[in-house]
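Just so you know, these numbers come straight off a predicted model, no measurement behind them. Residues take their numbers from the sequence shown, with the count starting at 1.
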Amino acid sequence: MMTLLSVQDLDVSYGGVQALHGVSLSVERGELVAILGANGAGKTTLLRAISGLLRPARGTINFDGKTISDRKVHDIARMGLSHVPEGRGLLAELTVMENLRLGLYVGRAAEPQRELDRVLQLFPILSERSKQPAGMLSGGEQQMLAIARSLVSKPKLLIVDELSLGLAPKITTELLHLLSRIHKDGVTVLMVDQNAHQLLKFASRIYVLANGSVALSGTKAELVGQAALIDAYLGKD
C-alpha cells in the first residue's frame, strides 16, 4: 500500500493552549483508520489541523504526496480530502438536496449528477427526505446527510469526526456498517470516535490519543487483546 496521509511531529495550539504534542500518524490508501481518545485528548484538533482549519506550530502534514500544512481549507478539499466535522456542519434551513449539492461545489467528480445518484442509492432515506429541511431530520439521518455531502465530492480521503456523538448505539452500529461499505467501495477513511470496541471490528489500524500525544497505536490484530488498556486511556472504568 502507498501512504495517502502522513502527519509528522505535529504541534498545534488551540485557544492559547498547546493541544497536540509531536503527533505522528499515517493512513495508507485503502485503509480505515480510527483515532480514539477521551474528551480533550486532541482528536478534533488533529482533524482540524489536517483539513486546514488550524495551522500547526510545528511539524508537517502530507496528503497525496504534497505538503498541505500551509494550504487553505478549500484547496485541501479540492485535492480530495473531505471532512465531516463534529456536530455535522449542516445548514439546517436548507433541504437535504440543497445540502448535498453544496458538496458538489468543491468536488472532483467528472459527472456530478451521476455521483449524486450513486450517493442517494447508498443512503435511500435521504432520497425520501430530499425536500425536507436538514434541521427536521433525526440525529442519525443528519449524520448520514453529513457523510453523503462529503461523499458527493468523490474524496480520496473521508475524515469523520465523532461519528456516534448523540446517537443511540443501534444507529451508531448502522453508520459503522455504512462506513465499512464505503471503505470497501474504495474510499480511504480516517475517523474519530470513543466507541473503541465497535471500531476494533472495522478499523485497519487504531491510534489512541491521550493528553495531545499518541499513547498507543497498532493494527487490529495487534490491539485486539488490549481492550482494557484502551479503555484506561479513554477514561473508562
Side-chain angles (χ1 to χ4, degrees), residues 4-5 32 43-54 63-64 68 71-168 170-193:
L4 180 60
L5 175 72
L32 192 161
K43 305 183 303 296
T44 293
T45 299
L46 174 57
L47 297 193
R48 288 171 64 86
I50 290 170
S51 61
L53 293 164
L54 293 174
F63 175 66
D64 200 21
I68 60 170
R71 298 206 181 203
K72 295 181 179 179
V73 175
H74 60 271
D75 291 331
I76 295 171
R78 289 194 181 103
M79 290 173 66
L81 191 154
S82 193
H83 185 172
V84 179
E86 181 181 8
R88 297 154 199 154
L90 300 172
L91 295 178
E93 69 280 5
L94 297 186
T95 67
V96 167
M97 185 57 69
E98 288 169 337
N99 271 276
L100 286 173
R101 291 194 180 280
L102 286 175
L104 294 172
Y105 292 141
V106 295
R108 305 179 306 113
E111 300 178 71
Q113 187 59 49
R114 182 177 177 181
E115 203 61 31
L116 185 58
D117 291 342
R118 185 186 69 82
V119 168
L120 287 173
Q121 287 177 0
L122 187 63
F123 298 93
I125 190 65
L126 298 182
S127 186
E128 296 174 20
R129 305 275 197 269
S130 63
K131 296 182 181 179
Q132 290 187 12
M136 298 293 290
L137 302 179
S138 69
E141 289 167 351
Q142 288 185 8
Q143 189 65 287
M144 288 182 191
L145 177 56
I147 294 169
R149 183 183 59 185
S150 286
L151 282 179
V152 295
S153 69
K154 204 172 182 180
K156 297 176 184 176
L157 176 63
L158 176 67
I159 294 179
V160 183
D161 193 2
E162 296 292 2
L163 176 76
S164 66
L165 186 66
L167 301 180
K170 180 181 178 181
I171 302 299
T172 299
T173 299
E174 291 177 4
L175 287 170
L176 279 168
H177 279 287
L178 270 169
L179 275 180
S180 179
R181 180 179 169 186
I182 290 164
H183 165 240
K184 288 175 181 176
D185 285 343
V187 179
T188 304
V189 179
L190 174 64
M191 60 181 297
V192 154
D193 208 83

Given the rule in the side-chain hydrogen bond (donor to acceptor under 3.5 Å, both in side chains) test, do D117 and Q113 qualify, once you have shown the distances and angles that lead to the verdict? CA-CA 6 Å; D117 291 342; Q113 187 59 49; 3.0 Å; yes
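- The shortest side-chain heavy-atom distance between I50 and L190 falls under the 4.5 Å cut-off.
- Taken from CD1 in I171 to CD in E141, the straight-line distance is 8.5 Å, to the nearest 0.5 Å.
- Smallest separation of non-hydrogen atoms from P155 and V187: O-CG1, 4.2 Å.
- Atom-to-atom distance recorded for R118:CZ and L116:CG is 10.5 Å, nearest 0.5 angstrom.
- The CD1 atom of I159 sits 6.5 Å away from the CG atom of L5 when rounded to the nearest 0.5 Å.
- Rounding to the nearest 0.5 angstrom, the gap separating the CG atom in L100 from the OG atom in S130 is 9.0 Å.
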Checking salt bridge (charged side-chain N to carboxylate O under 4.0 Å, His left out) for the pair D161/K43: CA distance, chi angles, key distance, verdict? CA-CA 8 Å; D161 193 2; K43 305 183 303 296; over 6 Å; no
Please step through salt bridge (charged side-chain N to carboxylate O under 4.0 Å, His left out) for the pair E98 and R101, ending with a clear verdict. CA-CA 5 Å; E98 288 169 337; R101 291 194 180 280; over 6 Å; no
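- Here the shortest heavy-atom pairing between Q132 and L137 reads OE1-CD2, 4.0 Å.
- The closest donor-acceptor contact from the side chain of Q142 to the backbone of A134 lies under 3.5 Å.
- Here the closest non-hydrogen pair linking P133 and A92 is CB-O, 3.6 Å.
- A donor-acceptor pair is defined here as one N or O able to donate and one able to accept, closer than 3.5 Å; such a pair exists between the side chain of N99 and the backbone of T95.
- With rounding to the nearest 0.5 angstrom, the CG atom of L157 is 10.5 Å from the NE2 atom of H83.
- With M191 as reference, L176 is the one residue of L158, L47, L176 to meet the side chain to side chain contact (heavy atoms under 4.5 Å, CB included) rule.
- When side chains are defined from C-beta on, L81 counts as touching S51, because their heavy atoms get closer than 4.5 Å.
- Closest heavy-atom contact between L151 and E115: O-OE2, 4.1 Å.
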